[in-house]
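Encoded as structure tokens, the structure appears first; notes follow it.
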Amino acid sequence: MNATLVTGIGELITADGPAGDPEAELGVRRDAAIIFSNNTIDWIGDAAHTPPADHRIDCEGRTVIPGFVDSHTHLVYAGDRSAEFAARMTGVPYDGGGIATTVAATRVADDDTLRRLLAARVQEARSQGTTTLEIKSGYGLDVDTEARILRLAREVTDETTYLGAHVIPPEFRDSRAEYVALVTGDMLRACAPQARWIDVFCEPNSPHAFDGDEARTVLLAGIEEGLLPRVHGNQLGPGPGVQLAVELRAASVDHCTFLRPADVDALASTDDTIATLLPGVEFSTRSPYPDARALLDAGVQIALASDCNPGTCNSTSMPLMIALAVREMGLTPAEALLAATKGAAKALRRSDIGIIRVGGRADLTVLDAPSYLHLAYRPGVPIARALG
Ligand SMILES: N=CN[C@@H](CCC(=O)O)C(=O)O
Ligand SMILES: [Zn+2]
């Protein structure tokens with residue numbers, strides 16, 4: 001059977017409590033233990049009366065939570081844009097133009113280089129408690145490199161996203177329609193076999209990104225090819241991204257930084273589309289933070305993700321995202337932890353992760369702390385690590 005007993009748990013957060021009150025939904029259990037085998041949870045019960053197991057992990061009073069689900073990352077890339085960040089801190093606004101810098105560096109990086117860079121970022125994320133990563137393409141913007149990025153991403157996760165519609169590459173600046181035709185034609189056919197999702201940077205406030213009509217064309221082509229839609233929306237200003245995501249029943253619309261009341265209403269009207277908030281981006285671009293309270297008060301389901309990428313948020317740290325969500329967006333620690341686990345799992349249409357329940361994946365994260373509150377109470381210190 002090769003079963004492992006996890007015991008000595010000071011506070012167990014299952015995220016499997018009744019919906020409604022976040023504190024109750026956390027499903028906090030004390031004096032509980034877990035048994036898992038083949039990465040599946042077999043048993044959760046009283047630590048004083050545990051079934052037999054082959055191995056034993058003593059948490060020595062630490063807190064155990066569901067492994068973080070990071071449902072929005074751009075981890076396959078080469079190059080560095082720290083100079084762009086420094087310029088932004090002097091007041092230069094972000095408009096997505098710097099993506100071309102990363103595209104140039106990524107196109108000339110070989111597979112071994114990209115694989116090594118990706119492996120280091122995956123390990124960095126796991127060392128901070130992340131157990132599921134979604135990984136997008138989007139730094140190739142030509143058929144071969146986009147397909148290469150997704151092939152490398154698929155080596156480390158099944159949650160891969162085709163983002164050929166990240167920006168219009170320089171060589172197509174004067175022929176946007178031709179690039180949209182490439183993204184929805186040869187590039188889509190080359191990439192779809194290695195992708196579960198299709199995404200688009202839907203942003204009329206950037207000359208580099210895609211307007212509502214272009215974004216719709218891209219997503220409909222991806223759906224036709226069997227991919228599930230996700231959207232980068234309303235990041236730099238009001239725009240059609242949220243409405244388009246809800247209309248096409250996208251699993252998630254991400255950023256949601258600039259929301260009009262009609263956008264909040266649209267998100268509140270559906271169970272299909274999660275509003276994924278990316279506070280590391282506002283932190284790193286000095287944008288205003290999304291009005292998370294308005295979303296929650298309207299009954300909108302939210303997720304938190306890192307959006308780790310070289311341009312707007314170069315951090316894999318989900319604990320940082322939780323601390324920012326509490327400090328800057330007014331979430332309670334319970335709301336933030338649920339958004340970084342169960343909520344982010346919903347943004348991937350998954351129910352076997354982001355939660356600790358029998359039959360679910362044994363993706364467990366240990367906090368070197370007596371309570372989950374320390375994720376926001378002690379920002380910037382390494383208290384979280386994935387078990388195993
Ligand atoms: N806005 C679009 N894409 C990424 C940024 C990519 C980059 O600047 O390299 C984002 O989600 O913020
Ligand atoms: Zn992104």
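In this text the structure is predicted, and so the values were computed from the model without any measurement. Every heavy atom of this structure was used, including side-chain atoms; hydrogens, water molecules and symmetry mates were not. Remember, it's 1-based here, ligands and their atoms both numbered in the order they're listed.
- The nearest heavy-atom contact from the protein to atom 10 (C) of ligand 1 is Asp307 OD2, 3.0 Å.
- Scanning all heavy atoms of the two residues, the minimum distance from Leu375 to Ala323 falls at O-CB, 4.0 Å.
- At a threshold of 2.8 Å, the Zn ion (ligand 2) has a backbone or side-chain N, O or S atom of His232 nearer than that distance.
- A donor-acceptor contact closer than 3.5 angstrom links the side chains of Thr102 and Arg81.
- Counted within 6.0 Å of CG on Asn39, heavy atoms from surrounding residues, nucleotides or ligands total more than 12; the atom is thus considered enclosed.
- More than 12 non-hydrogen atoms from other residues, nucleotides or ligands lie less than 6.0 angstrom from CD of Glu247.
- By the 4.0 Å heavy-atom criterion, Tyr77 is excluded from the residues contacting ligand 1.
- The N/O atoms of Thr102, backbone and side chain alike, include none that comes under 3.5 Å of an N/O atom in ligand 1.
- Closest to atom 3 (N) of ligand 1, if we only count protein heavy atoms, is His166 NE2, 2.8 Å.
- In terms of protein heavy-atom proximity, atom 6 (C) of ligand 1 is nearest to Tyr139 OH, 3.3 Å.
- Taking every non-hydrogen atom of His255 and a distance limit under 4.0 Å, the qualifying atoms of ligand 1 come out as 10 (C), 11 (O), 12 (O).
- A donor-acceptor pair shorter than 3.5 Å can be found between the side chains of His72 and Asp307.
- Tyr94 OH, 3.3 Å is the protein heavy atom nearest to atom 5 (C) of ligand 1.
- Of all atoms in ligand 1, listed by their number and element, those nearer than 4.0 Å to a heavy atom of His74 are 3 (N), 4 (C), 11 (O).
- In this structure, a donor-acceptor pair under 3.5 Å is present between the side chains of Thr160 and Arg154.
- A donor-acceptor pair shorter than 3.5 Å can be found between the side chains of Asp110 and Thr113.
- The contact set between ligand 1 and His72, taken as ligand atoms under 4.0 Å from a residue heavy atom, comprises 11 (O).
- Between the Zn ion (ligand 2) and the N, O or S atoms of Asp307, the shortest distance is to OD1.
- No side-chain heavy atom of Glu282 sits less than 4.5 Å from a side-chain heavy atom of Met329.
- The protein heavy atom nearest to atom 1 (N) of ligand 1 is Gln235 OE1, 2.7 Å.
- Which parts of ligand 1 touch Phe201 is read off a 4.0 Å heavy-atom cut-off, strictly below it: atoms 1 (N), 2 (C).
- Close contacts of ligand 1 with Thr312, meaning ligand atoms under 4.0 Å from a residue heavy atom, involve 5 (C), 8 (O), 10 (C), 12 (O).
- Within 6.0 Å of atom CG in Asp31, 12 or fewer heavy atoms from other residues, nucleotides or ligands are found, so the atom counts as exposed in its surroundings.
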